[in-house]
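Each chain gets a letter, A, B and so on, in the order the sequences are listed, and its residues count up from 1.
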Amino acid sequence: MRSRRERSVPAPLLVPAVLAVAFLVLPLVGLLVRTPWSELWPQLTSPGVGEALRLSLVSATLATAVSLVLGVPLAWVLARSRIRGRGVLRALVTVPLVLPPVVGGVALFLVLGRQGIVGRWLDEAFDITIPFTTTAVVIAETFVAMPFLVISVEGALRAADARYEEAAATLGADRWTTFRRVTLPLVAPGIAAGAVLCWARALGEFGATITFAGNFPGTTQTMPLAVYLALQQDPESAIVLSLVLLAVSLATLLLLRGRWLGRAGAAP
Amino acid sequence: MRKPFRSLAAALAVALLAGCGSDGDGGGAAEGTDGGDGLTGTLTVFAAASLTDVFTELGEQLEADNPDLDVQFNFAGSSALATQITQGAPADVFASANPGQMTVVTDADLADGEPEVFTSNVLEIAVPEGNPADVTGLADFAREELTLAVCAPEVPCGAATEDVFAAAGVTAVPDTLEEDVRAALTKVELGEVDAALVYATDVAAAGGSVEGIAFPEAEDAVNEYPVCVLAEAPNPDAAHAFVELVSSPEGQAALADAGFRTP
C-alpha cells in the first residue's frame, strides 16, 4: 500500500522527533548507567520487593478495570450526548490531572476518610473504614488515572465516523445496542490505548496513594512507595527497584500488544 | 489566539532578564566581602521540614536587616536534601534533622568547616483534638483496634521511633509507615488516625487540632540538628550570617517558641 517515499520522515518532523526521543530516553540511560547490576538479584528475591511488585500490579490492574467500567460510559456522555454543561463536566473530569496528587489524597480523606462526608457514614452504618487498606490504594490510583482513559476514549469517539452509528440507528438499533455492537468495536483501539495510559499512570502513582492509603508493606506499599523509601537510605537499591518496576511494566505492555495485534505483529 | 502567546513570550523575557539580574547580584556579593556591611544576592537554605516555621521567620528577619538579600528555602526530608546536595544542588546552608544525613554531606567533602549542633527535638504522641481513643502512652501503640501512624524506619523520625519502642519494650502495630513526620501529623489533623508519633515541635506547630502527649522514653532518642555552610555555597557571606543568626540568643528563642530544645 505505502510507497517508499511516503515512509521517509521529512526533516522538520525528524529532528524534533529525535530530540523528543533523546529527552525521554536519556534519563533512563542515566538510571541504567548507575545501576549496581550485582545488587539486582538479591533485591529481586528480597521478600518485600516481590510483595510490593505484586501489590502494584494487582492494584493498577483493578484501578484500570474500574476506570474502564466507569470511564468509557463517561467518555461516551462527553463525546456523544447532548446534555447541558458538558464543557463544565469535561473540565471537572480533568481536575485530577492538574491537582497535585498529595492534595488529591487529602481530598479523598475528606470524602472517604473516617471523618469524611461519605466515609463517616460508611464507618457508622457498616463499620467499613477505607483508608490504610488495599481498597484505598485502588481508589487513589483510580482517582488519578481514570481521566487519562476518559480523555483518550473521548478523543477516539470524536474521531470515529458517526455515519456507522447513524446507519445502525436507521436499521432500527436503539442507542444502547448501537453502542455495544457498533461504537465499542469502532473505538476499541482508542479504549486499549486509554487503558494502557491509565494502567501505566496507576502503576506509577505515588502521592495520592501514600496520603490516602498510607504505607504498609503487604497492604498498601506499592513499588513507587518502596522506591521512595529506599531512596531515603540507599539510592542504589532505589534505582534497582525502579528498574524492576520499569522492566515488569514494559514486559506486560509488550506482551499485551503482541496479543492484541497478534496478526498484525506477525506480518513482515 | 495570538495574545496569550505574546504575553507568554513577555513573561519568558522577564524571567530571563530576572535570571541575568540575580547572577549579577551574586557577583556583587562576592566582590562586596571587603566592605562587610549589607548582604546581597540570594541565600539558599536547605533545611529539614520540621524547621519550616522557625527558619521562615529567621529568614524574614535576615531579609529585613539586609534589604538587598533574598532568602530562599527548600524544606524537605533531610535525606532528600542530602541527596540533592550531593547531586550538585546550588545550596548555601544545610540544616539536617539528624547527624546521619549531615554525614552524607560531610563525607562528600561538601561542608565548609565542621557542622555545629544548634538545637534538638524529641518525639511526642500526637492525638486528634479531644483524644477520642484515650491514648495515654507508648503502650497504646500496641492496641490492634486503633488506627496508628508512625514514621517509616528509612526516614530519621522512624529511626527515633524504633529506638523509643525498643526502650519501652512495646511491639507497635502501626497501620501506616509514613514517609515523613508532617505526613503523619496531617493524618492526625484530619482525624484519620487515633495517634501518631511525631516531634514535639510538630505538635507545637499544629495548633489546636492536635494534642501532644509527652512520654519518658523520648529521652532515649533525642534528635540533634546540625547545620553547616556548604563548601560550594554561591553566597558564603549570607550563609555564615544565617548560621550565626540561628545560634544567636534570638534564633534560639525562636526555636524554643516552636518547641525545640537548646542543644
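- Looking at heavy atoms from C-beta onward, B/L197 lies in side-chain contact with B/I125 at the 4.5 angstrom threshold.
- Ranking B/E192, B/E178, B/E154 against chain A, the residue ahead of the rest is B/E192, based on heavy-atom pairs under 4.5 Å.
- The contact between A/Y228 and chain B is made entirely by side chain atoms (from C-beta outward), counting heavy-atom distances below 4.5 Å.
- B/D134 and B/R143 are not joined by a salt bridge, as no carboxylate oxygen comes within less than 4.0 angstrom of a charged side-chain nitrogen.
- For chain A, the nearby parts of B/V193 are the backbone and the side chain; heavy atoms of each come within less than 4.5 Å.
- Using a 4.5 Å cut-off between heavy atoms, A/L110 touches chain B through its side chain atoms alone.
- Aromatic pair B/F260/B/Y225: centroids less than 6.0 angstrom apart.
- For B/A152, the part lying near chain A is the side chain, with the backbone staying farther off; criterion is any non-hydrogen pair under 4.5 Å.
- Ring geometry for B/F73 against B/F55 counts as tilted: the plane angle lies between 30° and 60°, on a 0 to 90° scale.
- For the atom pair CG of A/L157 and OG of A/S152, the computed distance is 11.0 Å after rounding to the nearest 0.5 Å.
- When the candidates B/S79, B/A149, B/S78, B/G77 are compared by the number of heavy-atom contacts under 4.5 Å with chain A, B/S79 comes out ahead.
- Contact of B/P128 with chain A is not made at all, since no heavy-atom distance falls under 4.5 Å.
- Across A/A230, A/G214, A/P217, the residue that shares the most heavy-atom pairs under 4.5 angstrom with chain B is A/G214.
- Between A/L241 and A/L53, every side-chain heavy-atom pair lies at or beyond the 4.5 Å cut-off.
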